[in-house]
S.K.: 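Have a look at this one before I ask anything.
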Amino acid sequence: MERVVKSANKEAEQITEWGELHKIETCFDRAERLKPCPIGETGACCKVCHMGPCRLVGKNAEEEARGVCGATLPTVAARNMVRMIAAGTAAHSDHARDMVLTLLAVANGETKDFQIKDVRKLYRVAGYLNVEFEGRPVNDVARDIALKFLDDYGRQRGELCYIKRAPQKTQERWRKWGIAPRNIDREIAEAMHRTSIGVDHDPDHLLTHGLRTALADGWGGCMISTDITDILFGTPMPVKAEASFGIFKEDEVNLIVHGHEPTLAEIIVDVVSEPEMILYAKSKGAKGINLGGMCCTANEVLMRHGIPTAGGFTNQELGIMTGLVDALTVDVQCIMPAIAELSKKFHTKVITTSEKAKIPGALHIEYDEHRAREIAREIVKIACDNYQNRKTEGSHITDKFPVIAGFSHEYIEYMQGGRWRGSFRPLNDAIMAGRVRGVVALAGCDNPRVPSTGLHRYLATELMKNDVLIVSTGCGSAACGTAGYLTPEMALENAGPGLREVCEAIGIPPILHLGACVDNSRILTIATAMAAEGGLSDEIGGMPAVGIAPEWMSEKAIAIGCYFAASGVPVIFGGESPVGASNEVTRIMTEVWFERFRGALHFEPDPEKMLEMALDYIDKAREALKLKKYEPGKFGAERVLMDMAARREIEKAAKPHIGIY
Ligand code: NFS
């Protein structure tokens, strides 16, 4: 039998082959063995009560199938969808809640291990929240901000604070259709209530609340998390780093941070360079300590410190299989429980650190922000101690790729004109003139059910060729990084003529790594800035912009897809639709949502069709905005792009220079 390709990434594939040879099972093998249940896969299974589970299948299931209570297929599929949104929103927003609590602890002087690093960002956020900041002690401002955000979790009436950051027209649509969220926890709780047995049965009504919950994720949890992480640890600006399995070092202690929460990882970044820790590693025979990351924790420390990444979701087991990982700390989300068992075949110590998440077989060292440094040191020492236990087995990989990451909204603004002239004008102009055809957010997970990372790579390559600027987050960024796509040279080799010119003039790669999945909120901020800049759409809807998550698997991805759709962005997900059994639900999520919000959520397993659909949305948006028809290599008149030299001139003249934005 011919071997099934598991990963589109050469290095990952090499490790899976080694694993097969050594009879070591991974998610790829389990995916092959466990075919999805065809009823649950398309949203036709209801298990919200114990009269079932009911399977709504058969000929004319849409019209005729009923659960024991009489629920129809569209009701069941819509409920399933809303529960996914609620779970995804809960995950991001609970992570964000911990960030708020950390900010509060810092403001109250309860933790000495963290400080406010980015006071400018603090003031910017204070401005959004109408918190007085001039002349006040920084910690007082931070406390007021934290308390306002906490309010966003519990306020019973009114609206989420950040709803007001969206373009006016976008807000109006939300209010018109009743989807402006009141608070984060309430929308999640109500989603669970409405989808429990015998409550809301109207699919449109259910899905409308789904969008309200998703907006609480995007303009609540995700945006709050991004902002506080920037305040505490610094707003990212471009950094150089490396990606893939070659980041592990044979002669150093390899410690990997995996999961999503940045706080412990930040302090570990600090601790690994303490002289006494390095001495400790040396006393164990290692040359030093090498810190790396995986999944979104990796993205957080990559964006701010250039810490290298071993890649995304499907790389977590493969990392251990190199035999080079001395300790792997995990916090929450997207952590395969399989790693604990797998680690026993090697010497790797898996350490769970969140009070919310334990894995049988893993070591548990609970993180507490009040003792952050002490705990980080304990973890680093465990990794050092374990270096001596390293055996020679494993699939050692030496390849790694350079990566440029760190594109915050603030930096993107800066790079288009500098501290004094920063704006989105050059990008809007380039889109208007047809140099840049449109923008695609290429995001979401990598998935063992397809040759993993392959769809990301295919779409990234084709979109670049078609002069589409890509913004990426989460494992989408990891997929591009481990393929060597996150460099400015990529533009020279692969981008269409217009995009290439823009990238060269500004000095950016054609794929801008914006951060972790919660940093999809940066895309909302960018879209809002583009709307405010003028010349394109005056709301997020109607922009030549599309979101694509070709290999998604997580409920969080669904929440993100829905908040993009509700904000006005057409979104295309790969794979089979989790509500594909119901035509009515599919129609609501595509046609009805497009009519009301100018966004949509499609599911399309064929990557070529995904590309076609994305370009079609972009071209139709261009046409509706009466922009120049996109023709490769033929551009309309536009202003001169501000290049690096011109920017430096302006900055030399403009004093004082205080940071990037
Ligand atoms: Ni996003 Fe980050 Fe990756 Fe998917 Fe998981 S790590 S929050 S959910 S798998 S992109």
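When a ligand or atom number is given, it counts from 1 through the structure's own listing order. Being a predicted model, the structure only gives us computed values, none of them experimental.
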S.K.: Does a side-chain N-to-carboxylate-O contact under 4.0 Å join Arg165 and Asp227?
M.R.: yes
S.K.: Do NZ/NE/NH1/NH2 and the carboxylate oxygens of Lys400 and Glu11 come within less than 4.0 Å?
M.R.: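 Here Lys400 does not pair with Glu11 in a salt bridge, since their nearest N and O are not under 4.0 Å apart.
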S.K.: Kindly state whether the ring of Phe597 and the ring of Phe564 have centres lying under 6.0 angstrom apart.
M.R.: no
S.K.: Cys295 heavy atoms, cut-off 4.0 Å: which ligand 1 atoms fall inside?
M.R.: 6 (S)
S.K.: Can you classify the ring geometry of Phe573 versus Trp552 as parallel (below 30°), tilted (30 to 60°) or perpendicular (above 60°)?
M.R.: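 Ring orientation of Phe573 relative to Trp552: tilted.
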S.K.: Using the ring of each side chain (for Trp, its six-membered ring), is Phe346 parallel, tilted or perpendicular to Trp18, with breaks at 30° and 60°?
M.R.: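 Rings of Phe346 and Trp18: tilted, 30 to 60°.
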S.K.: Quick check on the 6.0 Å ring-centre criterion: do Phe114 and Phe233 meet it?
M.R.: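 Aromatic pair counts; centres sit under 6.0 Å.
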S.K.: Could you find the nearest protein heavy atom to atom 4 (Fe) of ligand 1 and give me its residue, atom name and distance?
M.R.: Cys445 SG, 2.5 Å
S.K.: Among all protein non-hydrogen atoms, which one is nearest to atom 3 (Fe) of ligand 1, and what is the separation to 0.1 Å?
M.R.: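 Ranked first by proximity to atom 3 (Fe) of ligand 1 is Cys475 SG, 2.2 Å.
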S.K.: Considering the heavy atoms of Lys556, write down every atom of ligand 1 situated less than 4.0 Å from one of them.
M.R.: 5 (Fe), 7 (S), 8 (S)
S.K.: Is there an N/O/S atom in Cys334 at a distance below 2.8 Å from atom 5 (Fe) of ligand 1?
M.R.: yes
S.K.: Quick check on contacts: which atoms of ligand 1 are under 4.0 angstrom from a heavy atom of Ser554?
M.R.: 8 (S)
S.K.: Has Cys296 got an N, O or S atom lying less than 2.8 Å from atom 3 (Fe) of ligand 1?
M.R.: no
S.K.: Would you mind running through ligand 1 and noting each atom that sits below 4.0 Å from a heavy atom of Gly444?
M.R.: 10 (S)
S.K.: In ligand 1, which numbered atoms sit nearer than 4.0 Å to a non-hydrogen atom of Cys517?
M.R.: 1 (Ni), 2 (Fe), 7 (S), 10 (S)
S.K.: How does His260 reach ligand 1, if at all, at less than 4.0 Å between non-hydrogen atoms: by side chain, backbone, both, or neither?
M.R.: side chain
S.K.: Tell me, please: is Ala557 in heavy-atom contact with ligand 1, that is, under 4.0 Å?
M.R.: no
S.K.: With a sphere of 6.0 Å drawn around NZ of Lys356, does it hold more than 12 non-hydrogen atoms of other residues, nucleotides or ligands?
M.R.: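 For Lys356, atom NZ is crowded (more than 12 foreign heavy atoms under 6.0 Å).
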S.K.: So, the side chain of Thr235 versus the backbone of Ser408: is there a donor-acceptor pair under 3.5 Å, distance only?
M.R.: no
S.K.: Under 4.0 Å from a heavy atom of Met553: give me the atoms of ligand 1 that qualify, with their elements.
M.R.: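 In order of numbering, the contacting atoms are 9 (S).
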